[in-house]
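When a residue number appears, it is its place in the shown sequence, counting from 1.
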Amino acid sequence: MSWHTRINDAVAARKKAAAFRVRQPNRGGSARFLTQDGRRYLNFSGNDYLGLSQDADVIAAWQQGASKYGVGSGGSGHVTGYSEAHAEFEQQLAQWQGYPRALLFISGFAANQAILAALMQSDDRVLADKLSHASLLEAAAHAPSQLRRFHHNQPDSLQRLLEKPVSGETLVITEGVFSMDGDAAPLADLHNLSKAHDSWLMVDDAHGVGVMGEEGRGSCWQQGIRPELLVVTFGKAFGCSGAAVLCDDATAGYLLQFARHLIYSTAMPAAQVCALQASLTRVRQDDGLRGKLSANIARFRAGATGLPYQLTGSQTAIQPVIVGENQPALDLASALRERGLWVSAIRPPTVPPGSARLRLTLTAAHEPEDIDFLLESLHGCSH
Ligand SMILES: Cc1ncc(COP(=O)(O)O)c(C=O)c1O
């Protein structure tokens, strides 16, 4: 088999399963609205939960940071890429979250890969929620340790796995808010179980930080736990990109020596760090953003009853409408696009087979009339 035969076969199989993915360039960013091919859509697909990607203070901070530091960091943090802005922001993050240390990464994907690659050894095991994000499951699959998955959000299932003996260390992994279902993990139960078995808990709170808990500290703060490893990302409620891991001093010191994604990769630009500092200020102050998001979520859920699709119990900004098979999900997404709504159909392998869905996301940038139009259109398209 040649390279091209292999490549073409794989792509053809994706197309046949109505699972072929395409990117579509938009113009002018993707906040409340998104413009594509000259048409403006109401955007219900992004993760900019607080609308901060368009925030004037955040934009100004990035511009001023670029004037001060230039646009690139010039190297890995271990060489020249670590600025006073990076150091200050790491301290602000640690203080906000109540951890001794925070380490910045260029993305959540890189942070998850780096942590697992650096920590896990061959006699260890990872016990991960079945629906954990690809960046976690893939990292766990590539690590030399054993990977076992527990049933989604079921502490009993985790307990059964924890009771099996292992010669090395155990790392339990979950998300705070699940990216495709929008439901929250029972973090206190999972943490109690992992502590009782001398294991560590790692929580990826990409979708909870900024939107949950006092001052937007996230799912763990809201549920009163402090996991040994907390990953927060900045591509969602912070409206920007990047990530940080919160941990103790010893672990931070270890990751600085062994996390290859930190050592062999150009650091985040300092100008971006300046924007993230401004985002953190907005996240902590709130200014009614979380209240507006909650009101939009409540409005959507109240109006979505009676739709002929399965909704989840999600109380978060992620509101999946589960259609089932791939083609009907694609058809519903394109019918909504016709009406001026930008929604995405999410299909396997991102979600389990038979659960293709519209992953609708609501934000603080949406107005009540946007939610009403979404509901009216969903009801209209389902007849
Ligand atoms: C739960 C979760 N973790 C990690 C990531 C990756 O983060 P990033 O986009 O910063 O790479 C995502 C999504 O993008 C996510 O949903």
Side-chain angles (χ1 to χ4, degrees), residues 26-35 42-73 81-97 102-111 177 205-218 221 231-244 246 266-294 296 316-317 361-367 370:
N26 62 60
R27 175 175 303 164
S30 59
R32 178 181 172 204
F33 297 106
L34 180 150
T35 303
L42 260 175
N43 178 16
F44 287 104
S45 280
N47 296 318
D48 185 10
Y49 301 131
L50 298 179
L52 291 181
S53 76
Q54 306 285 328
D55 184 87
D57 290 352
V58 178
I59 294 170
W62 197 317
Q63 288 166 335
Q64 283 155 18
S67 299
K68 186 169 172 191
Y69 291 101
V71 292
S73 69
Y82 189 67
S83 68
E84 286 172 359
H86 290 79
E88 188 179 77
F89 186 48
E90 285 182 343
Q91 275 181 10
Q92 289 167 344
L93 287 171
Q95 184 259 332
W96 171 54
Q97 287 289 343
L103 294 182
L104 283 173
F105 284 81
I106 54 161
S107 72
F109 200 99
V177 171
D205 202 23
H207 298 276
V209 78
V211 287
M212 318 281 284
E214 196 191 343
E215 291 191 22
R217 290 187 179 97
W221 185 276
V231 173
V232 295
T233 71
F234 306 127
K236 295 161 174 74
F238 274 68
C240 194
S241 77
L246 286 299
T266 302
M268 176 188 289
Q272 182 180 334
V273 177
C274 295
L276 286 171
Q277 287 183 295
S279 259
L280 177 60
T281 304
R282 299 286 279 120
V283 161
R284 294 187 76 164
Q285 278 171 345
D286 188 6
D287 294 331
L289 292 176
R290 282 185 283 277
K292 194 167 170 212
L293 173 60
S294 300
N296 284 340
T316 67
T361 46
L362 312 178
T363 75
H366 289 124
E367 296 300 330
D370 302 341

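Judged as a side chain to side chain donor-acceptor pair (under 3.5 Å), and not counting sequence neighbours, the contacts of Ser83 are His86. Scanning for ring pair (Phe, Tyr, Trp, His ring centres under 6.0 Å) contacts around Phe105 gives an empty result, with sequence neighbours left out. For Ala110, the side-chain contact (heavy atoms from CB on, under 4.5 Å) test picks out Ile106, Ser107, His261, with sequence neighbours left out. Under the rule for a salt bridge (charged side-chain N to carboxylate O under 4.0 Å, His left out), Arg27 has no partner lying at least two apart in sequence or in another chain. Residues passing the ring pair (Phe, Tyr, Trp, His ring centres under 6.0 Å) test with Tyr69, sequence neighbours excluded: none. Applying the side chain to side chain donor-acceptor pair (under 3.5 Å) criterion to Ser73, with sequence neighbours excluded, gives no partner residue. Applying the salt bridge (charged side-chain N to carboxylate O under 4.0 Å, His left out) criterion to Glu367, with sequence neighbours excluded, gives Lys292. By the salt bridge (charged side-chain N to carboxylate O under 4.0 Å, His left out) test, Arg282 pairs with Asp55, Asp287, sequence neighbours left out.
Taking every heavy atom of both residues into account, Val209 and Val232 meet most closely at CG2-CG1, 3.6 Å. Summarising the geometry of Leu50 relative to Val211, their closest heavy-atom pair is CD2-CG1, 4.0 Å, with the distance given to 0.1 Å. When all heavy atoms are compared, the tightest approach of Arg284 to Gln95 is NH1-OE1, 3.4 Å. Considering all non-hydrogen atoms of both residues, Val177 and Gly208 come closest at CG2-CA, 4.0 Å. Considering every non-hydrogen atom in both Leu246 and Ala94, the closest pair reads CD1-CA, 3.9 Å. In terms of heavy atoms, Gly210 sits closest to Val283 at CA-CG1, 3.8 Å.
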Distance-only donor-acceptor pairs under 3.5 Å for side chains of residues 58-68, two or more places apart:
| from | atom 1 | to | atom 2 | distance (Å) |
| --- | --- | --- | --- | --- |
| Ser67 | OG | Gln63 | O | 3.2 |

Anything under 3.5 Å between a donor and an acceptor, one on a side chain of residues 266-275, the other on a protein residue two or more places apart or in another chain? List them.
| from | atom 1 | to | atom 2 | distance (Å) |
| --- | --- | --- | --- | --- |
| Gln272 | NE2 | Ser241 | O | 2.7 |
| Gln272 | NE2 | Ser241 | OG | 3.1 |

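In this structure, the side chains of Leu104 and Leu93 come closer than 4.5 Å at one or more pairs of heavy atoms. Taking 4.5 Å as the limit, some side-chain heavy atom of Phe44 sits within range of a side-chain heavy atom of His366.
Annotation: the span from Gln285 atom CD to Glu215 atom CD amounts to 9.5 Å, rounded to 0.5 Å. A distance of 13.0 Å separates CZ of Phe109 from OG1 of Thr233, quoted to the nearest 0.5 Å. In this structure, Met212 CE and Leu293 CG are separated by 10.0 Å, a value rounded to the nearest 0.5 Å. Atoms CG and CG, on Asn26 and Leu34 in that order, are 4.5 Å from each other to the nearest 0.5 Å.
Listed by first and then second residue, the salt bridge (charged side-chain N to carboxylate O under 4.0 Å, His left out) pairs involving residues 86-97 amount to none (not counting sequence neighbours). Judged as a side-chain hydrogen bond (donor to acceptor under 3.5 Å, both in side chains), the pairs with a partner in residues 42-54 (not counting sequence neighbours) are, in order, Ser45-Ser344, Asn47-Tyr49, Asn47-Arg359, Asp48-Ser53, Tyr49-His207, Tyr49-Arg359.
Using the six-membered ring where Trp is involved, Trp96 and Phe238 have ring planes that are perpendicular, over 60° apart on the 30 and 60° scheme.
In this structure, Thr361 contributes its side chain and Gly46 its backbone to a donor-acceptor pair below 3.5 Å.
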